[in-house]
Amino acid sequence: MEYKHQEIEKKWRDKWATDKTYAAKDFDSKPKYYVLDMFPYPSGAGLHVGHPLGYIASDIYARYKRHKGFNVLHPMGYDSFGLPAEQYAIQTGQHPEKTTETNVARYREQLDKIGFSFDWDREVRTSNPDYYKWTQWIFKQLFLSYYDTKEDKAKPIAELIAHFEKQGNEGVSAHSDYEGSFSAEEWKAKNEQDKEEILSQYRITFLADSWVNWCPALGTVLANDEIKDGVSERGGHPVEQKLMRQWSMRITAYAERLLQGLDKIDFPDSLKEQQRNWIGKSKGASVSFDIEGHNGKIEVFTTRPDTIYGVSFMVLAPEHQLVNEITSADQQAEIEAYVQAASLKTERDRQADVKNITGAFTGAFAIHPFSGEKIPVWIGDYVLASYGTGAVMAVPCGDQRDWDFAQHFGIEIKNIFKDQDISEAAYTEKDAIISNSDFLNDMPAKKAIGVAIKAIEEKGIGKGKTNYRLRDAVFSRQRYWGEPFPIYIENGVPKAIEDEFLPIELPEVDKYLPTEDGDPPLGNAENWSWCRNKKIIKSNDKQNGNCTWPMELNTMPGWAGSSWYYLRYMDPHNEDEFVSKEKAEYWGQVDLYIGGAEHATGHLLYSRFWCKFLHDMGYISFDEPFKKLINQGMILGRSSFVYRDKESGKFVTFEKRKEYKTARLHADISLVNGDKLDIEAFKKWRPEYENAEFVLNDDGEYTCGHEVEKMSKSKYNVQTPDELVERYGADTLRCYEMFLGPLEQAKPWDVQGINGVYNFLRKFKRLFHDENGQIVISDEAADKKELKSLHKAIKKVTEELDRYSFNTVVSTLMIAVNELTDLKCNKKEVLEPLTVLLSPYAPHLAEELWEKLGHSESVVYQQFPKFDESKLVEDAFAYPVSFNGKMRFKIELPTNLSKEDIEKEVMAHEKTNHYLEGKDPKKVIVVPKRIVNIVV
RNA sequence: GCUCGGGUGGUGGAAUUGGUAGACACGCAAGACUUAAAAUCUUGUGUCCAUUUGGACGUGCGGGUUCAAGUCCCGCCCCGAGCACCA
């Protein structure tokens, strides 16, 4: 009897599409459940078997929840703005939209073959104007808001302006870089540019000159999370620091809430840890040091104010503003040379150079605020301009870097720790007793921190302060294929374009490279400018020249569209709102979110940030987007290698490779079966191998070497799902990908075991048929053994799915099928629920069998079978688990029995009696729930 | 260096709260059906000792708690991931 998976799967795929079987209903009496996948960037390479892993898991869960009576939202879309399509456009001139269209079509085709229960009517694409209209709109809300630190939420900037007009910036509690003060009159007297200069220091998205990561090779700026090890994450190009006028997001305003919010969401520990790390909260104090002979002060941040008497020098970052002012004449040349050298170093050089201690003395001295001592002021690139205040008070006895610096330059190292030896290294633990420190003497360090902060505050030289490592995120990119900003620049002042003109659609350009003036690609668009009559002029209308303002030429980064897409799925066709309040209220948070761990500090942090903002503005009622997150592990490729003798050019089998001088070459995995090379296929693979010669092993075969690597085209180790779907069917692929191991774990792809899963499905199908392929389903009542098998499976599958253990479910079903096959069970009473159990994993086959059972309605609408504990009791048995003067028995019994019931059960039970035969049970002791101690 | 994971047969991996370690599957071996191969089916498969019944040892290493430890506690070793001049 054949398992015609292709036929079956096509039939149901078509039916589901026609019937819109998986459409999610807005508003339903059923409870809602929202299962989301991280939407893909549609790349030209298509899907390999690693991509659908997470989608399969989420699909299984979505189907399970439907069976459990939930109204499930399970959508899919595309993160379709991005670099590859643009680079392809630069090379070929093909519009990225076209490339994207093609790739999306291919993705869709591949996805459809795997039998996902997506509600495709809700598909979104970030590059679609109907979608990015709302990305632009949200951007505007951010632009038109500031963060009130007293109410701890974002508020409209109009309220801040009203405040300025009434009483200047006095009494303003806002997250801002602005430090000056002004009265209402002074505010009103300012011109528009000056006002904006100040406002931009309050806005949540703002345009400002800031130090950014500039990647010359990509021709764009990058956010911190787009840089790994000092080079761009995409392409690995060097990155340098540059002062540029750029859009940024004041995510730092949300640092504390982003940190606190982690406690109420169910994310993997490692990911939470990464976010905590990224936010990098540290508590301490800011302290100002006077400078001898100068008005300025050096402000430092320290986590160890208790060590203030250990300060023996100060270090400023080379970029620090004061460096020029305070440098003495005789140190001028040295300092300038050092600053110059530091500015030439890329981020990467600087990191690589950590062990090299460099610095220069400014010639200036700071005054110790307590002792009044003169402290030399140095500069050094181990102090980062971007963290804290860009200056540190150096305490060599308590900080290893300071210690190294002092040692290197022969600066004094004071010891302020009682009984600690600091001759070889700094003592960095916070458990020392402080000494040589005046009023802090004899205090344990932890106590001294508080006392020191109090003293600092009383003296008016600083205050207790919390610092965050998190930086504001650069929001503009010098690229074409992204969302245009809904912004024009009027006399140097950025202004938001009214909602009625959104979306601002991407203009056509004839080339996708920067302009000759160095403007971003949008600078190539003709008449890309804003007219006072509030329209982008389409024609080359010179006479409007005096009433048009330049448009913002940057586009938004990739994470703009992906920061809120989960909301759009709730209401994808709404033309008046990004999501209606009612629908956002109904669908609420994403209950289960599945995706890769690589977005830990990017997408997952930005989405949380935007969610909190939209919550603050009253658009949505929740302030965390994702309730539970699972990171699926990467599926790695198993590369195959052939070994070519460098002299003869012969290919040497793995066993004999050491006898020759060989070079290792990747061989396409489709030419290899169980490490044995298909020699004929290999010869045909590439023309240059046509006449290849081989040194075979003793069995006359060619064995390949192998290694586990990332799946990639260039390694010839890519397995596409398509070929497997064709050969084994989507149901097999789905089961097999789950069966491979725990979802979260990285695992090498190995097609060896797929036959086992395929056989399982065939065996499942065989329960319904006789040897001739005739349906044999019996209406007879199932016996106890059959029911036990079934209910064991129901119990386990339910428990396993409830704890997201997707891999073990397959085994459980296999066991059930094996048992029922042995029992020759063909009872409808058993097969019906069993089919529903199978349905999330192998939906096509389940539908087919469900139909064979005589049902006209889809199996999708069936309730998940309920576990009946009493069905297990019948077959309870006991066995001895240890003998040590006392005999103990483990007995399988329902867990809800009382101690007395268990005793009764044990005594009454046939098999127990069998074990106890000839013995006289005296006492039964219940240890844990299901374990019974019988003392004999 | 810091933080978080993780070490179980030839392989992928099972093992709720401590309770028959190695489920399930792959691979391998033997057998059945075949002229033969493939496919399929049956049986076996942690290691060691024993011809059998059986026994001993076994979850990275060393201790400990317990009637009972892969699981809990203490001390190490190794692997993976993330962060890292963050003051």
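Throughout, a chain's letter reflects where its sequence line sits, starting with A, and its residues are numbered from 1.
Residues that satisfy the side chain to side chain donor-acceptor pair (under 3.5 Å) test with Arg304(A), not counting sequence neighbours, are Asp306(A). By the side-chain contact (heavy atoms from CB on, under 4.5 Å) test, Arg727(A) pairs with no residue at all, sequence neighbours left out. For Tyr309(A), the side chain to side chain donor-acceptor pair (under 3.5 Å) partners two or more places apart in sequence, or in a different chain, are Asp438(A). Partners of Thr798(A) according to the side chain to side chain donor-acceptor pair (under 3.5 Å) rule, which considers only residues two or more places apart in sequence or in another chain, do not exist here. Legend: residues meeting side chain to side chain donor-acceptor pair (under 3.5 Å) with Tyr468(A), ordered by chain and number and at least two apart, are Glu256(A).
When distances are taken from the side chain of Arg401(A) to each of C41(B), C83(B), C85(B), the shortest belongs to C85(B). For Thr302(A), the side-chain atoms get nearest to A87(B) when compared with the rest of A87(B), C83(B), G13(B). For Asp269(A), whose side chain is taken as the heavy atoms from C-beta onward, the closest listed nucleotide among G82(B), G5(B), U16(B) is G5(B).
Judged by distance alone, the side chain of His5(A) and the main-chain N or O of Leu845(A) form no donor-acceptor pair under 3.5 Å.
Aromatic pair Phe405(A)/Phe313(A): ring centres closer than 6.0 Å. Outside the 6.0 Å centre-distance limit, the rings of Tyr736(A) and Tyr758(A) are not counted as a close aromatic pair.
By the rule that a glycosidic angle within 90° of 0 means syn, G60(B) does not qualify and counts as anti.
For G58(B), there is no paired nucleotide, since no Watson-Crick or G-U wobble pair has both relevant distances below 3.5 Å. Remark: U53(B) base-pairs with no nucleotide in the shown strands. Criterion, Watson-Crick or G-U wobble with two distances under 3.5 Å. Shown here, C28(B) forms a base pair with G44(B); the pair counts as Watson-Crick or G-U wobble because both key distances fall under 3.5 Å. Pairing of A14(B), defined by two Watson-Crick or G-U wobble distances under 3.5 Å, is not identified with any nucleotide. Base pairing analysis places C72(B) opposite G64(B); the two distances defining the Watson-Crick or G-U wobble pair are each below 3.5 Å. For A39(B), there is no paired base (Watson-Crick or G-U wobble, both distances below 3.5 Å). In this structure, G82(B) forms a base pair with C2(B), meeting either the Watson-Crick or the G-U wobble geometry with both donor-acceptor distances under 3.5 Å.
One atom, OH of Tyr804(A), and another, C1' of U16(B), lie 16 Å apart when rounded to the nearest Å. Gln274(A) places its CD atom 10 Å from the P atom of A84(B), with the value rounded to the nearest Å. In this structure, the CG atom of Leu740(A) is 16 Å from the P atom of U11(B), given to the nearest Å. Distance, Leu271(A) CG to C4(B) P: 15 Å, rounded to whole Å. A straight line from CZ of Arg762(A) to C1' of C41(B) spans 11 Å, rounded to a whole angstrom. Rounded to whole angstrom, the span from the CD atom of Gln275(A) across to the C1' atom of C83(B) amounts to 14 Å. The nearest whole Å value for the distance from the CZ atom in Phe313(A) to the P atom in A87(B) is 16 Å. When the C1' atom of C85(B) is taken as reference, atom CD of Gln400(A) falls 12 Å away, rounded to whole Å.
If you check every strand for non-hydrogen atoms under 4.0 Å, Pro268(A) touches nothing. In this structure, Asp402(A) reaches neither bases nor backbone, as no heavy-atom distance under 4.0 Å exists between it and the strands shown. Nucleic acid contact class of Gln745(A) (heavy atoms, under 4.0 Å, all strands): sugar-phosphate only.
Judged by distance alone, with hydrogens and angles left aside, Glu799(A) brings a side-chain donor or acceptor within reach of the base of U16(B), the pair sitting under 3.5 Å.
For U35(B) and A23(B), the P atoms lie 37 Å apart once the distance is rounded to whole Å. With both ends at atom C1', the span from U34(B) to A38(B) equals 10 Å, rounded to whole Å. U43(B) and A25(B) have their P atoms separated by 12 Å, with the value rounded to a whole Å. Between C79(B) and A69(B), the distance separating the two P atoms is 30 Å to the nearest Å. Going from the P atom of U11(B) to that of U47(B) covers 12 Å, rounded to whole Å. Distance check on atom C1': C73(B) versus C24(B) gives 33 Å, rounded to whole Å. Atom name C1', nucleotides G27(B) and C77(B): the rounded distance is 31 Å, in whole Å. Comparing G70(B) with A15(B), their C1' atoms sit 9 Å apart, to the nearest whole Å.
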Which nucleotides of nucleotides 21-26 of chain B have their base under 4.0 Å from a protein heavy atom (B), which only their sugar-phosphate (S), and which neither (-), written as one string 5' to 3'? --BBSS
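Between Arg276(A) and G82(B), a side-chain N or O to OP1/OP2 separation shorter than 4.0 Å is absent. Neither OP1 nor OP2 of C2(B) sits under 4.0 Å from any side-chain N or O of Asn277(A).
Between the side chains of Asp225(A) and Tyr606(A), at least one donor N or O sits under 3.5 Å from an acceptor N or O. Side-chain atoms of Ser811(A) and Thr808(A) form no donor-acceptor pair, as typed in the model, at a separation below 3.5 Å.
When the nearest nucleotides of RNA chain B are assigned to Ala746(A) and Glu273(A) by heavy-atom distance, the more 5′-ward of the two goes with Glu273(A).
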